[in-house]
Amino acid sequence: MSADPTHIRLSRRAIIGGLAGAALTGCDAFQQSDAGRALLFSGETANKALQRTIMDRNALAREFGESDMSPIFRSNGTRDPDTPSYNAMAANGFADWTLPITGLVERPMVLSLDQIRAMPARTQITRHDCVEGWSAIGKWHGPQLSLLLQAAGLKTNARYAVFRCADLYNGTPYYESIDLIDAFHPQTILAWAMNDALLPIPHGAPLRLRVERQLGYKHAKYVEGIEIVDSLAPINGGQGGYWEDRGAYEWYAGI
């Protein structure tokens, strides 16, 4: 795949959204259930192949109006990293937060939060679908990930974007990854605002990934670094994300 995959067409919402809603009642309980994981992901390989071969992968996720926004948008997973370094930056309004972009890039860079907030931004009202079966509609605001990747310049062997996060989940650093097809989708953004306010801590302040064509566990919160790689195999458990490594979640969570 070329390092500039903007010509590749993407899509949204094919097969498994209804399966998640019918089968599951809570993420925390779900992650402990082998039967639940098997049920949820039994069709995922076929879903991925179908989406990537016959669908327009550049199609946009459905966007909603402000009247559709959910009055309550619950948070999931880590609700506060509560580490000394994170607490110190939160106390300072994240003025010292930086985002390094490293790996297979021509121009490694470190961006301040002010620089990211000054970039051209996209606002989108979309539905968040959790693996547990619940959903909520919220407004997100931030630069398209493609802008940052284009500024860094991808090398020809770049394949994946890996997101390093500030939170520890069960004592292990959280991370996620997506391929460059989804990284360059126009609705894939690094959100620094939610519902017309700065992103709150339970939802990933100061910066979180929104990859609207995938289930909620792919939307990494507390993003503090992006690494561009050619393979996921050498990273942590080699499956491309915390839950993929620990809970046998599917890496591709397209909906």
Side-chain angles (χ1 to χ4, degrees), residues 10-52 57 61-62 64 70 72-81 124 126-138 140 160-163 165 167-170 172-179 181-183 185 187-189 191 194 199 202-204 208-223 232 236-255:
L10 299 88
S11 70
R12 162 88 168 172
R13 299 189 185 280
I15 296 174
I16 67 169
L19 179 61
L24 305 170
T25 59
C27 283
D28 294 336
F30 169 80
Q31 68 197 35
Q32 304 300 326
S33 169
D34 291 338
R37 288 197 296 270
L39 175 62
L40 176 65
F41 298 125
S42 60
E44 188 66 23
T45 300
N47 174 38
K48 176 180 176 180
L50 181 63
Q51 288 199 41
R52 292 193 171 189
R57 291 196 67 202
R62 180 182 175 186
F64 298 83
S70 301
I72 298 175
F73 197 124
R74 61 182 289 188
S75 63
N76 237 33
T78 302
R79 292 167 173 84
D80 186 344
Q124 55 200 34
T126 54
R127 190 177 75 189
H128 180 96
D129 293 306
C130 183
V131 70
E132 71 181 30
W134 64 265
S135 63
I137 294 174
W140 308 95
Y160 305 96
V162 178
F163 302 87
C165 304
D167 54 325
L168 301 176
Y169 210 91
N170 296 324
T172 300
Y174 197 89
Y175 82 105
E176 255 304 339
S177 65
I178 58 176
D179 64 19
I181 299 174
D182 285 318
H185 187 275
Q187 289 173 316
T188 298
I189 67 174
M194 174 186 180
L199 191 66
H203 288 282
R208 75 171 294 168
L209 176 67
R210 294 298 305 176
V211 53
E212 302 297 351
R213 299 160 42 79
Q214 299 211 32
L215 288 170
Y217 66 86
K218 300 294 291 188
H219 299 230
K221 301 194 292 187
Y222 315 108
V223 176
L232 300 173
N236 294 2
Q239 302 305 307
Y242 175 88
W243 288 116
E244 292 89 327
D245 291 342
R246 297 298 185 92
Y249 284 32
E250 288 292 330
W251 173 79
Y252 183 79
I255 51 177

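For the single chain, residues carry numbers from 1 onward in sequence order.
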side-chain contact (heavy atoms from CB on, under 4.5 Å) with Asp245: which residues, sequence neighbours excluded?
Tyr175, Asn236, Gln239
Mind checking the CG-OH spacing from Leu215 to Tyr252? Nearest 0.5 Å is all I need.
10.0 Å
To check you understand the geometry: which heavy-atom pair defines the closest contact between Asn76 and Cys130, and what is its length?
ND2-SG, 3.5 Å
Can you confirm whether Glu176 sits close enough to His219 that some side-chain heavy atom of one is under 4.5 Å from a side-chain heavy atom of the other?
no
Can you sort out the partners of Ser135 under side-chain hydrogen bond (donor to acceptor under 3.5 Å, both in side chains), two or more places apart, ordered by chain and number?
none
Kindly indicate, with the supporting measurements, whether the criterion salt bridge (charged side-chain N to carboxylate O under 4.0 Å, His left out) is fulfilled by Lys218 and Glu250.
CA-CA 10 Å; Lys218 300 294 291 188; Glu250 288 292 330; over 6 Å; no
Say you draw a straight line from NE2 of His203 to CE of Met194; how long is it, rounded to the nearest 0.5 Å?
4.0 Å
Sequence neighbours left out, what passes side-chain contact (heavy atoms from CB on, under 4.5 Å) with Ser177? Give chain and number order.
Val162, Leu232, Trp251
ring-ring contact (aromatic ring centres under 6.0 Å, His included) partners for Phe163, two or more places apart:
none
Output all residues satisfying side-chain hydrogen bond (donor to acceptor under 3.5 Å, both in side chains) with Ser75, sequence neighbours left out; order by chain, then residue number.
Arg79
Relative to each other, are the rings of Trp243 and Tyr249 parallel, tilted or perpendicular (30° and 60° limits)?
parallel
Ignoring hydrogens, what is the shortest heavy-atom contact between Asp182 and Asp179? Give both atom names and the distance.
N-OD1, 3.0 Å
For Lys221, which residues count as a salt bridge (Lys or Arg N to Asp or Glu O under 4.0 Å) partner, sequence neighbours excluded?
none
Does Tyr242 have any side-chain hydrogen bond (donor to acceptor under 3.5 Å, both in side chains) partners at least two apart in sequence or in another chain, and if so, which?
Asn170
Just jot down the side-chain hydrogen bond (donor to acceptor under 3.5 Å, both in side chains) partners of Tyr160, sequence neighbours excluded, or say none.
none
Could you go step by step and tell me if Ile189 and Trp140 meet the side-chain contact (heavy atoms from CB on, under 4.5 Å) rule?
CA-CA 9 Å; Ile189 67 174; Trp140 308 95; 4.0 Å; yes
Over all atoms of both residues, closest heavy-atom pair of Ile178 and Gln214
CG2-NE2, 4.2 Å
Nearest 0.5 Å, please: how far is CG in Leu199 from OH in Tyr222?
8.5 Å
Mind checking whether Gln187 and Arg210 have side chains closer than 4.5 Å, heavy atoms only?
no
